[in-house]
2 protein chains.
Amino acid sequence: MQDVAEKAGVSKSTVSQYLNGRFEYMSAETKKRIQTAIEALGYRPNQVAKSLKQKRTSTIGLIVANILHRFSTLVCRAVEDTCHEQDYHAIICNADDNPEKERKYIDMLRAKQVDGILVIPTQDNTDLYEKLIQNGYPLVFLDRKVAGLSVPSVTLNNREIARMAAQHLIQQGHEKISLMTPPLGVSSRNERQAGFCQSLRDHGLSTRYVVSVELDQIRQRLDHMLQTDPPTALVTGNDRVLMEALPYLKEKGISIPETLALISFDEMELAPLMDPPITTIEQPAMEMGRRATEILLRQIRGQQADIPLQTVFDATLCIRQSSRFKRGNLL
Amino acid sequence: MQDVAEKAGVSKSTVSQYLNGRFEYMSAETKKRIQTAIEALGYRPNQVAKSLKQKRTSTIGLIVANILHRFSTLVCRAVEDTCHEQDYHAIICNADDNPEKERKYIDMLRAKQVDGILVIPTQDNTDLYEKLIQNGYPLVFLDRKVAGLSVPSVTLNNREIARMAAQHLIQQGHEKISLMTPPLGVSSRNERQAGFCQSLRDHGLSTRYVVSVELDQIRQRLDHMLQTDPPTALVTGNDRVLMEALPYLKEKGISIPETLALISFDEMELAPLMDPPITTIEQPAMEMGRRATEILLRQIRGQQADIPLQTVFDATLCIRQSSRFKRGNLL
DNA sequence: GTGAAAGCGCTAACAA
DNA sequence: TTGTTAGCGCTTTCAC
């Protein structure tokens, strides 16, 4: 920068003005000279120095559970797009639902002075989140809330959509309905399970098929269930569960939906193309990612006024003829 | 840091030593005092300042075409994992195969002083890449090469795998074989097409079904082709093409593989579960992402010695009974 | 073993 | 309109 200044015959501060577009008090003459000098020297401003001085990095951190989940992939894309539009960048981290890893990432992101953090939170770092809030650190939760914390969060109408899924199956005559989710503890899964069970109980049905299982246990749990006390309908809690269940069901030659009706949370691109097509509960992941980013950026800019504490999106039950009484013209 | 130093009764530089683990010449006494002071004050080092001083940010840039492509998703995860292991971070950018956007991203990343860039390159920023190389800027290409540039690149055996796919179909008796790829211009697609055509010609077959089409034209192109001069086999060039073709084929009631045998590049999670299962060409995306990151980090650390210019991975043809003469026991 | 001092590249009062 | 100056928070010789 000094070099540019000398070459243009002005001072560093004038160059700085130029770079920051403060041309108001600058003669066209100087402007041109600086311009020329910059090009001649191939000068490139150093954003790190700028960040140090200004105490903002134009970077946010995004912590997802695992980018390989379709939901997270969509979120990442939406967040990145939104950041790009506003000249921000996103550092993406996979915490794998591991509180330790999440904590480490948050520490690293803070050390890097990111302007804010967007996170699909685990539920075991409440103290850490609390400290962030106390420090006035911009923070937004996505997909999940954390009990007792007032952090702006963007979530889904989990209870209602789970209830709708259950009702859909009940209306079709199912009475033994299973919901398989990954281990509980995170709000979205808890809510889904609660809504689902509520609906079952409202109809006097048993909730004994509602289970939470680690991914690697899905197959054996399914196996056990189908051997001993088979449900007639299954709702998988996310795309990973589906990807475990489906190969198993196929192997065993269990026909869908005749033997087992199937509904899955999360968009799976090929789901509608399968035979039979799988009914899915689609989440507006990209809209959620975008909105969450907008809220975070607002927080960063101190526009405290228009920051909603809760933003709830609606999931959609995409019925695709996958439940047993829907074949033919019974509908 | 000053505060910590005062509280511990030492100087800033001693604190710095402490933070960087240079305990060799430090009394256990001072060490403990600094430790206590840090905790008491809740001091957190500022990585931006450190970066400014040291001229490295422990951050790399990753530019993919579109993270929504399965290949890119896998790459992102692998890159992030590898970075995390080495205390690096990745800023992820979607250039959408748009040279302008790519250029803008590269500029921004450089301004942010990222230590290196990993990119799935478009083919129209050769001058920019050249400048980076001249400046000794660590750069690695993934999935594609750029003509005339000697940049370490991690690619696939595109020619061979395309040839294998063609041969597989030919062996099954197909003579009218189509390859549909997105527009050419990027090395991987070019190579695939070249290998494919080569194989067709070697067997005296026509290459008139080998086409490059924009994604939004796929359906109509397929429609046209199937109406006028239908091939008996189709190879889709990536997951996006497949996702265009499949709904169309399903709509039209074209039976796979009886009427049209189908092979697709790129892993699609549900492909093996479809009925009939789709034969795919699987790329070791995560291994490629990991290797590319390792090469980039080596470059960053100046270990010029062990940087291979070309790293070629093998794709695998996963045959899944999707081609017509394979039903029953003809195989 | 520890401290003083210079400086990384930039911005932002305030002066001129 | 432009220049001077004082840092931002850290590392790193080199003295002591």
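Protein chains get the first letters and strands the later ones, always in sequence-line order, with residue 1 at the start of each. These numbers come from a predicted model, not from an experiment.
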* To do: Using a cut-off of strictly less than 4.0 Å, decide whether A/Gln54 has a side-chain nitrogen or oxygen near OP1 or OP2 of C/dA12.
  => yes
* Asked: Given B/Asn125, which of B/Lys131, B/Glu102, B/Glu130 fulfils the side chain to side chain donor-acceptor pair (under 3.5 Å) condition?
  -> B/Glu102
* Asked: What does A/Met26 touch in the nucleic acid at a heavy-atom separation under 4.0 angstrom: a base, only the sugar-phosphate, or nothing?
  -> sugar-phosphate
* Presence of salt bridge, A/Asp97 and A/Arg144, under 4.0 angstrom -> yes
* Asked: B/Glu29 CD to C/dG1 P: how many Å, rounded?
  -> 13 Å
* **Under-4.0 Å side-chain N/O to phosphate OP1/OP2 contact, A/Ser51 with D/dC8** => no
* Has the side chain of A/Lys53 got a donor or acceptor that lies under 3.5 Å from a partner of the other kind on the base of D/dG7? -> yes
* Please check the phosphate of C/dC8 (OP1 and OP2 only) for any side-chain N or O of A/Asn46 closer than 4.0 Å. => no
* Asked: Whole-Å distance between C/dG9 P and A/Lys50 NZ?
  -> 16 Å
* Would you kindly check whether a donor in the side chain of A/Ser16 faces an acceptor in the base of C/dA12, or vice versa, at under 3.5 angstrom? => no
* Pick base, sugar-phosphate or nothing for A/Phe23, based on heavy-atom distances below 4.0 Å to the nucleic acid. => nothing
* Does A/Arg22 pair with A/Glu24 as a salt bridge, N-O distance under 4.0 Å? -> yes
* Structure fact -> On DNA chain C, more 5' by nearest nucleotide between B/Thr14 and B/Ala49 is B/Thr14
* Is there a donor and acceptor pair, one atom on the side chain of B/Ser27 and one on the base of C/dG1, closer than 3.5 Å? -> no
* Under the 3.5 Å rule, do the base of D/dT4 and the side chain of A/Ser13 count as making a donor-acceptor pair? -> yes
* To do: Scan B/Lys55 against the nucleic acid and name what it touches under 4.0 Å (heavy atoms): base, sugar-phosphate only, or nothing.
  => sugar-phosphate
* Find the distance A/Gln47:CD to C/dC8:C1' and express it as a whole number of Å. => 15 Å
* Structure fact -> To the nearest angstrom, the CZ-C1' distance between B/Arg33 and C/dG3 comes to 14 Å
* Can you tell me how far C1' of D/dG9 sits from CG of A/Leu52, to the nearest Å? -> 6 Å
* From C/dC10, C/dT2, C/dG3, pick the nucleotide closest to the side chain of B/Tyr25? -> C/dT2
* Asked: Could A/Asp143 and A/Arg189 be called an ion pair, given the rule that one side-chain N must be under 4.0 Å from one carboxylate O?
  -> no
* Asked: Tell me: CD of A/Gln17 to C1' of C/dA12, nearest whole Å?
  -> 9 Å
* Asked: Salt bridge between B/Glu29 and B/Lys31, side-chain N to carboxylate O under 4.0 Å?
  -> no
* Asked: Roughly, in whole Å, what's the span from CG in A/Leu19 to P in C/dT11?
  -> 7 Å
* Between atom OH in B/Tyr18 and atom C1' in C/dG1, what is the gap in whole Å? -> 16 Å
